[in-house]
Novice: 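This is the structure, below, for whatever I ask next.
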There are 2 protein chains.
Amino acid sequence: MPQFSPLPKSSQPLEKGLHKDGRRLTPQRLRVLHLFEDLGSGRHLSAEDVHHKLVESNTKVSLATVYRTLRLLVEMGFLHQLELSENGHRFELANDDHPDHHHLVCIRCGRTEEFECDEVLEAGKLAAERIGFQLVESTLNVRAICPSCTPK
Amino acid sequence: MPQFSPLPKSSQPLEKGLHKDGRRLTPQRLRVLHLFEDLGSGRHLSAEDVHHKLVESNTKVSLATVYRTLRLLVEMGFLHQLELSENGHRFELANDDHPDHHHLVCIRCGRTEEFECDEVLEAGKLAAERIGFQLVESTLNVRAICPSCTPK
DNA sequence: GTTGATGCAAAAACTTTGCATCGTG
DNA sequence: CACGATGCAAAGTTTTTGCATCAAC
């Protein structure tokens with residue numbers, strides 16, 4: 001009988017949120033969320049990354065379920081979906097300790113740094129208000145070239 | 001013999017930029033750029049949109065060439081590639097009359113509005129400087145829900 | 001005439017879906 | 001034990017690529 005890594009402790013908010021909508025808490029959903037939590041804030045993973053890491057740590061999960069779960073966790077507000085990659089979406093933990101923040105991406109090597117800026121958040125909020133939209137989130141994407149990729 | 005719409009006047013900046021790198025000015029490249037110029041600033045087209053519009057106006061061009069041309073025009077700085085769509089990239093004219101601006105997207109219906117904000121640009125510039133990156137561009141993506149999509 | 005660009009079709013990359021089966025509640 | 005979730009494989013999207021041919025320079 002194969003050895004599986006132990007299931008993480010149940011997540012109260014996840015379980016409650018799921019049951020509220022008649023959904024079920026499954027090991028796969030728990031693992032995906034815990035993967036992000038274990039890695040900590042500020043990690044940007046693709047669906048493929050998530051699948052790889054889970055399979056590596058002996059979690060039985062299909063890529064299709066990873067896609068379904070990531071979409072679900074975004075809808076539920078546990079993850080944010082980032083729009084900064086050229087190829088494929090990336091996901092990060094939506095964490096209260098690490099609120100709305102922005103991304104600085106090197107267009108050559110893909111290195112990504114984060115930063116916070118209240119003025120930017122305020123500007124996004126104002127822009128939405130002024131036109132009568134209801135704000136969901138606003139993020140500043142800064143495209144730049146990092147020191148290692150700067151031509152001498 | 002089929003009737004083709006007349007070729008637009010040659011674009012000096014496009015022609016010069018191409019020749020500088022040993023590239024060639026082709027009718028397809030000219031048409032793609034002129035499509036954006038004719039539509040004016042603030043239009044966000046997918047590769048498929050561009051292909052459709054060109055074929056509609058009797059321009060013989062393949063989808064593969066549209067993709068190749070869009071990438072080229074972005075590299076050359078004639079177009080910007082937007083990162084705001086869930087499915088597929090969108091492109092817009094990079095116009096001096098219509099400088100760095102930001103996008104407000106309805107996450108339900110996709111309606112997109114633009115706005116400008118100097119504070120945001122300044123924040124992006126500062127963030128890049130502080131970490132030693134060389135700024136390329138910074139845009140604020142505001143995700144929101146437009147009035148028609150707001151639940152009553 | 002050279003060599004870069006195009007068109008076509010095939011393939012690659014990414015994501016969704018139908019359906020039988022499994023397992024949570 | 002009902003019905004939501006999963007796995008698998010197939011299909012759908014979006015984008016890229018190899019290669020023969022075409023055409024800009």
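Values reported hereafter were calculated over all heavy atoms of this structure, with side chains retained and with hydrogens, waters and symmetry mates removed. Order of the sequence lines fixes the chain letters, A, B, ..., with proteins taken first and strands second; residue numbering starts at 1 for each chain.
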Novice: State which residues pass side-chain contact (heavy atoms from CB on, under 4.5 Å) with A/D49; sequence neighbours excluded, sorted by chain then number.
Specialist: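 With neighbours one apart ignored, the set is A/L45, A/S46, A/R90.
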Novice: CG of A/L70 versus C1' of C/dT16: gap in Å, rounded?
Specialist: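 These atoms are roughly 13 Å apart.
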Novice: What's the CZ-C1' distance between B/R71 and C/dT6, to the nearest Å?
Specialist: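 Whole-Å distance recorded here is 15 Å.
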Novice: Please give, in whole Å, the distance from C/dA5 P to B/M76 CE?
Specialist: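 Nearest whole value for this atom pair: 11 Å.
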Novice: With sequence neighbours left out, what residues match B/Y67 under side-chain contact (heavy atoms from CB on, under 4.5 Å)?
Specialist: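 Result, side-chain contact (heavy atoms from CB on, under 4.5 Å) vs B/Y67: B/A47, B/L63.
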Novice: I'd like a table of atom pairs between the protein and nucleotides 7-9 of chain D - only N or O on both sides, under 3.5 Å - with the distance next to each one.
Specialist:
from, atom 1, to, atom 2, distance (Å)
D/dG7, OP1, A/Q28, NE2, 3.2
D/dG7, OP1, A/K60, O, 3.1
D/dG7, OP2, A/S62, N, 2.9
D/dG7, OP2, A/S62, OG, 3.0
D/dG7, OP2, A/T65, OG1, 2.7
D/dG7, N7, A/R68, NH2, 2.8

Novice: Could you tell me which residues satisfy side-chain hydrogen bond (donor to acceptor under 3.5 Å, both in side chains) with B/E113, sequence neighbours excluded, listed by chain and number?
Specialist: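 Testing B/E113 for side-chain hydrogen bond (donor to acceptor under 3.5 Å, both in side chains), a comparison that skips the adjacent residues, returns B/R111.
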Novice: Could you give the CG-to-C1' distance, from B/D21 to C/dT3, as a whole number of Å?
Specialist: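 Rounded to whole Å, this separation is 15 Å.
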Novice: Apply side-chain contact (heavy atoms from CB on, under 4.5 Å) to the pair A/M76 and A/L18, showing each step before the final yes or no.
Specialist: CA-CA 9 Å; A/M76 295 178 71; A/L18 287 168; 3.8 Å; yes
Novice: Check ring-ring contact (aromatic ring centres under 6.0 Å, His included) between B/F115 and all other residues, then give those that pass, not counting sequence neighbours.
Specialist: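 If we apply the ring-ring contact (aromatic ring centres under 6.0 Å, His included) test to B/F115, skipping adjacent residues, the hits are B/H102.
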Novice: With B/T26, which residues qualify under side-chain hydrogen bond (donor to acceptor under 3.5 Å, both in side chains), at least two apart?
Specialist: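 Checked B/T26 against side-chain hydrogen bond (donor to acceptor under 3.5 Å, both in side chains); zero matches.
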Novice: Rounded to 10°, tell me the angle between the two end axes of the helix from C/dG1-D/dC25 to C/dG25-D/dC1, each built from five pairs.
Specialist: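 End-to-end axis angle for the helix from C/dG1-D/dC25 to C/dG25-D/dC1: 40°, rounded to 10°.
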Novice: Using the test side-chain hydrogen bond (donor to acceptor under 3.5 Å, both in side chains), find all partners of B/T65 that sit at least two apart in sequence or belong to another chain.
Specialist: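 Here the qualifying residues are B/S62.
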Novice: Whole Å only: how far is the NE2 atom of B/H89 from the C1' atom of C/dT15?
Specialist: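 Between C1' of C/dT15 and NE2 of B/H89: 14 Å.
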Novice: Using the test ring-ring contact (aromatic ring centres under 6.0 Å, His included), find all partners of A/H51 that sit at least two apart in sequence or belong to another chain.
Specialist: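 Once residues adjacent in sequence are excluded, A/H51 has no partner under the ring-ring contact (aromatic ring centres under 6.0 Å, His included) criterion.
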Novice: Does C/dT16 have OP1 or OP2 sitting under 4.0 Å from an N or O in the side chain of A/Y67?
Specialist: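 Indeed not, no polar side-chain atom of A/Y67 lies that close.
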Novice: Can you name the residues that form a ring-ring contact (aromatic ring centres under 6.0 Å, His included) with B/H44, not counting sequence neighbours?
Specialist: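 So B/H44 forms a ring-ring contact (aromatic ring centres under 6.0 Å, His included) with B/H103.
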Novice: Rounding to a whole Å, what distance do you find between A/E75:CD and C/dT16:C1'?
Specialist: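 Rounded to whole Å, this separation is 14 Å.
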Novice: Could I get the full list of side-chain contact (heavy atoms from CB on, under 4.5 Å) partners for B/E129, not counting sequence neighbours?
Specialist: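 Once residues adjacent in sequence are excluded, the partners of B/E129 under the side-chain contact (heavy atoms from CB on, under 4.5 Å) criterion are B/K125, B/L126.
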Novice: Using the 3.5 Å cut-off, write out each protein N or O paired with an N or O of nucleotides 22-25 of chain C and the distance between them.
Specialist:
from, atom 1, to, atom 2, distance (Å)
C/dG23, N2, A/R24, NH1, 2.1
C/dT24, O3', A/L25, O, 3.3
C/dT24, O2, A/R24, NH1, 2.7
C/dG25, OP1, A/H19, NE2, 2.9
C/dG25, OP1, A/L25, N, 2.9

Novice: Check the pair B/V105, B/V142 against side-chain contact (heavy atoms from CB on, under 4.5 Å), reporting the backbone distance first and the verdict last.
Specialist: CA-CA 6 Å; B/V105 193; B/V142 182; over 6 Å; no
Novice: Rounded to the nearest Å, what distance is computed from the CG atom of residue A/L30 to the C1' atom of nucleotide D/dT6?
Specialist: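 That distance rounds to 16 Å.
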